[in-house]
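All remarks here apply to the structure that follows.
Counting convention: from 1, in listed order, for ligands and their atoms alike. Both backbone and side-chain heavy atoms feed into the values below; hydrogens, waters and symmetry mates do not.
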Amino acid sequence: QPITTDMATLTKQVKKFATDKKLEIETLKVREEYRREFLGNVSHELKTPLFTVQGYLATLLDGAMNDKNIRKKYLERAEKGVERLVYIVEDLDMISKLEMGDVNLEMSDFNIVELVQSVFDLLEMKADQKNIILMFDRKYSKPIKVFADKEKIQQVLINLVMNSIKYGKENGTTEVSIEDLVNDKLIVRIKDNGEGIEKHNIPRLFERFFRVDKSGARSEGGSGLGLSIVKHIIEAHGEKIYVESEFGKSSEFSFTLEKG
Ligand code: ADP
C-alpha cells in the first residue's frame with residue numbers, strides 16, 4: 001500500500017483497522033461461546049444413557065448376573081442405553097456437519113408419495129405401540145415428483161412423523177398431506193392431534209437441544225436435536241419450514257419443496 005502522509009487519511013485507516021480487528025475478535029468470542037455451550041450440552045446428553053448402561057452392567061457384575069430373568073432384563077436395558085447413545089452420536093454428527101455447512105445435497109427427481117409411504121412403513125410399529133393411525137389420503141396414489149436430496153428429505157420426514165408419534169396421544173392420528181403452491185413449489189404437512197405446543201415455546205422449538213421440559217418428553221428420550229436437523233436440511237434446500245399448534249390439541253409442521 002502507498003504510504004500516505006495525509007494525517008486525516010492515516011487516522012481513517014487506523015480507525016478502520018481497529019474496527020475490523022474488534023469485529024474479528026467479537027466473532028471469535030461468539031464462536032468460542034458457541035463451542036463451549038455445544039460441548040456442555042453434548043456431555044450432558046451423553047451422561048444420562050452412559051450412567052444407565054454403567055449402572056446395569058455394574059449391578060450384573062455385582063451378582064445380579066446369577067438370576068437368569070434379571071440378567072436378561074438388565075442386559076436388554078443396557079442395550080437400550082447403548083442404542084440411545086448411538087442415536088445421539090448420529091444426530092450430533094449430522095448437526096455438526098450441517099452447522100459447518102459441510103453437507104453436499106445430492107439433488108434428484110423422486111416421488112415424494114413413495115417416500116412418505118416408506119417412512120410410514122418404517123415407523124408403523126412405533127405408531128402401533130400407541131395405537132396411532134398414520135394417514136395418507138388415497139388421492140395420493142399417483143406419483144408426485146419433487147427435486148431435492150432424497151435421503152435428507154427422508155430424514156426430515158422420519159423426524160417429523162416420529163415426533164408426531166412421540167408427542168401424540170394414544171389412539172390419535174398423524175396425517176400427512178401434500179398441496180401444490182404457486183411457483184413450482186409444493187408444501188408437505190404433518191399434522192397430529194397430540195399434546196400440542198405452548199405459544200411461548202414455539203420460537204425456540206428449532207434450537208439445538210431444546211425440549212419442552214416435561215417428564216413425558218424426557219422419557220421419550222429424544223436428544224432435542226431432531227427439529228434443529230430438520231430446519232437445517234430444509235434451509236439448505238433454500239426452502240421454508242412452518243409450525244402451527246394449538247396447545248393440548250394439535251401440531252402441524254410443514255415444509256416447502258421444489259417440484260420435479
Ligand atoms: P426431541 O429429541 O426432544 O424430540 P426435537 O428437536 O425433535 O427433539 O423436538 C424438540 C421439542 O419440541 C420436543 O422435545 C417436544 O417438546 C416438542 N415437539 C416436537 N414435535 C412435537 C409435536 N409433534 N407435538 C408436540 N410437541 C412437539
Side-chain angles (χ1 to χ4, degrees), residues 37-38 40-50 52 80-81 83-99 116 119-120 122-123 126-127 129-136 152-177 187-236 240-255:
E37 188 200 302
F38 191 76
N41 282 328
V42 169
S43 40
H44 177 82
E45 286 308 316
L46 294 178
K47 258 185 209 159
T48 317
L50 268 176
T52 309
K80 265 233 152 5
E83 198 178 283
R84 191 157 138 56
L85 281 168
V86 172
Y87 281 136
I88 295 175
V89 171
E90 275 172 0
D91 275 359
L92 285 170
D93 190 44
M94 178 71 119
I95 199 98
S96 70
K97 279 190 185 136
L98 285 162
E99 292 197 350
V116 172
V119 169
F120 275 12
L122 219 64
L123 299 178
K126 275 265 167 214
Q129 284 165 9
K130 282 177 89 170
N131 206 18
I132 286 176
I133 301 175
L134 302 178
M135 300 202 303
F136 193 34
K152 300 249 165 14
I153 297 303
Q154 182 180 35
Q155 181 75 58
V156 166
L157 286 167
I158 290 177
N159 289 6
L160 293 177
V161 175
M162 187 67 192
N163 277 352
S164 78
I165 299 170
K166 284 199 301 196
Y167 308 107
K169 292 195 183 101
E170 297 264 343
N171 308 315
T173 53
T174 292
E175 190 174 1
V176 175
S177 59
I187 189 160
V188 182
R189 302 178 201 276
I190 294 95
K191 186 173 173 135
D192 64 58
N193 52 7
E195 64 187 52
I197 303 147
E198 278 175 289
K199 249 203 175 72
H200 68 96
N201 282 323
I202 288 193
R204 302 199 55 200
L205 279 187
F206 296 100
E207 278 175 28
R208 272 191 272 119
F209 302 108
F210 177 80
R211 276 185 201 140
V212 174
D213 203 8
K214 270 194 236 131
S215 54
R218 284 269 153 197
S219 71
E220 288 297 347
S223 61
L225 291 172
L227 284 181
S228 175
I229 290 173
V230 164
K231 184 166 192 265
H232 275 297
I233 292 177
I234 296 302
E235 286 180 352
K240 292 212 153 39
I241 175 141
Y242 308 95
V243 52
E244 265 175 55
S245 182
E246 209 176 325
F247 185 52
K249 265 198 166 161
S250 64
S251 307
E252 183 182 283
F253 288 81
S254 53
F255 60 89

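Counting heavy-atom neighbours within 6.0 Å of Lys191 NZ, excluding the residue itself, gives a total of 12 or less. Counted within 6.0 Å of CD on Glu207, heavy atoms from surrounding residues, nucleotides or ligands total more than 12; the atom is thus considered enclosed. Around the OH atom of Tyr87, the shell of radius 6.0 Å holds no more than 12 heavy atoms that belong to other residues, nucleotides or ligands. Counting non-hydrogen atoms of neighbouring residues, nucleotides and ligands closer than 6.0 angstrom, the NZ atom of Lys80 reaches no more than 12 such neighbours.
For the pair Phe253 and ligand 1, the shortest N or O to N or O distance does not fall below 3.5 Å. Where the criterion is an N or O separation shorter than 3.5 Å, residue side chain and backbone included, Tyr167 meets it with respect to ligand 1.
With rounding to the nearest 0.5 Å, the separation of CD1 in Ile88 from CD1 in Ile95 is 13.5 Å.
Atoms of ligand 1 lying under 4.0 Å from any heavy atom of Gly226, numbered from 1 in the order shown and given with element: 5 (P), 6 (O), 7 (O). For ligand 1 and Gly196, the ligand atoms under 4.0 Å from any heavy atom of the residue are 25 (C). Every atom of ligand 1 is numbered from 1 in the order shown, and the set under 4.0 Å from a heavy atom of Lys166 is 1 (P), 2 (O), 4 (O). Close approach of ligand 1 to Val212 (heavy-atom distance below 4.0 Å) involves ligand atoms 14 (O), 16 (O).
Contacts between Phe210 and ligand 1, counted as non-hydrogen atom pairs separated by less than 4.0 Å, involve the backbone only. Using a 4.0 Å cut-off between heavy atoms, Asp192 contacts ligand 1 through its side chain alone, with no backbone atom that close. Contacts between Ile197 and ligand 1, counted as non-hydrogen atom pairs separated by less than 4.0 Å, involve the side chain only.
Partner of Val188 under the side chain to side chain contact (heavy atoms under 4.5 Å, CB included) criterion, out of Val176, Ile153, Val156: Val176 alone. When Val161, Thr174, Thr173 are each tested for a side chain to side chain contact (heavy atoms under 4.5 Å, CB included) with Ile132, only one passes: Thr174. In summary, of the residues considered (Val230, Ile187, Leu160), a side chain to side chain contact (heavy atoms under 4.5 Å, CB included) with Phe255 occurs for Leu160 alone.
Counting only non-hydrogen atoms, the option in Asn159, Ile165, Leu205 that gets closest to atom 17 (C) of ligand 1 is Leu205. In this comparison of Gly224, Ser228, Gly168, the heavy atom closest to atom 8 (O) of ligand 1 sits on Gly224.
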